[in-house]
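FYI, side chains are in, hydrogens and waters are out, and symmetry mates aren't considered; it's all heavy atoms of this structure. By convention here, the first residue in the shown sequence is residue 1.
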Amino acid sequence: MTMSRPFRIALVVTCALVLLYLILPILIIAPMSFSAARFLTFPPPSLSLRWYQEYVGNPAWMQATRVTLTVAVLTVVIATPLGVAAAYAISQSKWRIMRLIHMTLLLPLVVPIIITAVGIFFVFAKLGLVSTMAGLVLANVMLGLPYVVISVAAGLQSFDATQEMVARSLGMNRLRSFFVVTLPQIKASVIAGGIFAFISAMDETIVALFISGGQYQPLTKRMFTALRDEIDPTIAAISTLMTAVSFMLVLVATTRSKKGA
């Protein structure tokens, strides 16, 4: 069934308007980050790299950046193998309980983040993990794990499991056959899941507001605090950089997924 020309035009216009609505904040924030004005103004009266220099030269912002990158990297290192193992177990098992486990692993994507943040705060407060690097990493691993599970599970669905069975029939054990046969063929899905876990950890704000503090404050919480105390144009520069990094990582993940398809 072919679409009529007016319908196609309406569809293209609607998609264009939706995309414009989604990227409009970026189209405003990015030019503001290059403004020479003392306050956030749009359009900027003149262009300058003043606020990027302020960000790089400020020890507090740099400390928050180090915390964010450390948490994001550790999240990927922990969440990726856990997510791969979970997705593999779910795809291979015929037990009904695996469906329940699968749903449980995806709960952080379903439960409102504020509810998750409150729950994490009370648990971590009892365990002494509030305002610690370990607490931040564990919380972000929990939030990033669903992305790895979803991505790897999708890769395993398109993978022919009989190839691994053949390798095992030739003498390989399950672990070796997974690393030799299965993992190379779902590598793109694993990388994509790790990238999305990294982005999730880098951009997380609500949970960070509850459990981070002291010297272990990520960029997102420090940006929120700066907005509360004073509207600092440095935030526009940081937001632009974080958006650019996230966009490039998503582009890499999408490219890898297409190559692995």
Side-chain angles (χ1 to χ4, degrees), residues 22 25-26 29 55 60-83 86 104-125 127-152 190-229 232 234-254:
L22 292 175
I26 301 174
I29 291 296
Y55 164 59
W61 285 119
M62 287 294 98
Q63 170 63 17
T65 302
R66 285 191 290 270
V67 171
T68 296
L69 293 177
T70 301
V71 170
V73 170
L74 290 177
T75 297
V76 173
V77 170
I78 298 173
T80 302
L82 288 178
T104 303
L105 290 172
L106 301 184
L107 278 180
L109 297 180
V110 179
V111 178
I113 189 64
I114 185 67
I115 303 300
T116 302
V118 172
I120 291 175
F121 171 75
F122 278 105
V123 172
F124 282 15
L127 297 177
L129 292 174
V130 175
S131 300
T132 65
M133 178 65 74
L136 277 172
V137 172
L138 289 176
N140 281 284
V141 166
M142 184 189 72
L143 298 174
L145 193 59
Y147 296 102
V148 182
V149 172
I150 291 173
S151 179
V152 176
V190 175
I191 293 175
I195 288 175
F196 284 115
F198 182 93
I199 294 174
S200 171
M202 187 176 66
D203 293 341
E204 175 53 45
T205 304
I206 305 300
V207 173
L209 291 176
F210 278 83
I211 67 170
S212 65
Q215 62 178 326
Y216 299 115
Q217 293 188 53
L219 267 176
T220 49
K221 180 174 183 177
R222 180 154 185 81
M223 291 169 68
F224 181 86
T225 304
L227 278 174
R228 183 188 60 190
D229 298 337
D232 187 353
T234 308
I235 296 172
I238 300 172
S239 300
T240 302
L241 290 174
M242 293 181 69
T243 301
V245 171
S246 298
F247 176 79
M248 288 188 293
L249 288 175
V250 170
L251 187 62
V252 170
T254 304

Using 0.5 Å steps for rounding, measure from the [atom1] atom of [X] to the [atom2] atom of [Y].
| X | Y | atom1 | atom2 | answer |
| --- | --- | --- | --- | --- |
| Leu143 | Glu204 | CG | CD | 5.5 Å |
| Met133 | Leu74 | CE | CG | 7.0 Å |
| Phe224 | Thr205 | CZ | OG1 | 9.0 Å |
| Leu219 | Met62 | CG | CE | 7.5 Å |

pair [X]-[Y]: side-chain heavy atoms closer than 4.5 Å:
| X | Y | value |
| --- | --- | --- |
| Val148 | Leu82 | no |
| Thr80 | Phe198 | no |
| Val207 | Phe121 | no |
| Leu241 | Tyr55 | yes |
| Pro146 | Leu106 | yes |
| Ile238 | Arg222 | no |
| Leu136 | Ile211 | yes |

Inset, instruction - Please step through side chain to side chain contact (heavy atoms under 4.5 Å, CB included) for the pair Leu138 and Phe124, ending with a clear verdict. - result: CA-CA 10 Å; Leu138 289 176; Phe124 282 15; 4.0 Å; yes
Closest approach of [X] to [Y] (non-hydrogen atoms, all atoms of both residues):
| X | Y | value |
| --- | --- | --- |
| Val76 | Ala197 | CG2-C, 4.4 Å |
| Ala134 | Leu129 | CB-CD2, 4.3 Å |
| Leu145 | Gly83 | CD1-N, 3.4 Å |
| Thr240 | Ala236 | OG1-O, 2.8 Å |
| Ala192 | Ser151 | CB-OG, 3.7 Å |
| Met242 | Met223 | SD-SD, 3.9 Å |

Inset, instruction - Determine yes or no for a side-chain-to-main-chain donor-acceptor pair under 3.5 angstrom, with Thr65 supplying the side chain and Trp61 the backbone. - result: yes
Legend entry - Sidechain-backbone polar pair: Thr75 side chain, Asn140 backbone, donor-acceptor under 3.5 Å: no
Legend entry - Option passing side chain to side chain contact (heavy atoms under 4.5 Å, CB included) with Ile206 (candidates Ile115, Val118, Ile113): Ile113
Inset, instruction - Quick one: which residue pairs count as a side-chain hydrogen bond (donor to acceptor under 3.5 Å, both in side chains) with a foot in residues 207-221, not counting sequence neighbours? - result: none
Inset, instruction - Determine, step by step, whether Thr116 and Phe210 satisfy the side chain to side chain contact (heavy atoms under 4.5 Å, CB included) criterion, reporting the C-alpha distance in whole Å, the side-chain angles of both residues, the deciding distance to 0.1 Å, and the verdict. - result: CA-CA 10 Å; Thr116 302; Phe210 278 83; over 6 Å; no
Inset, instruction - Check whether more than 12 heavy atoms from other residues, nucleotides or ligands sit under 6.0 Å from atom OH of Tyr147, and answer yes or no. - result: no
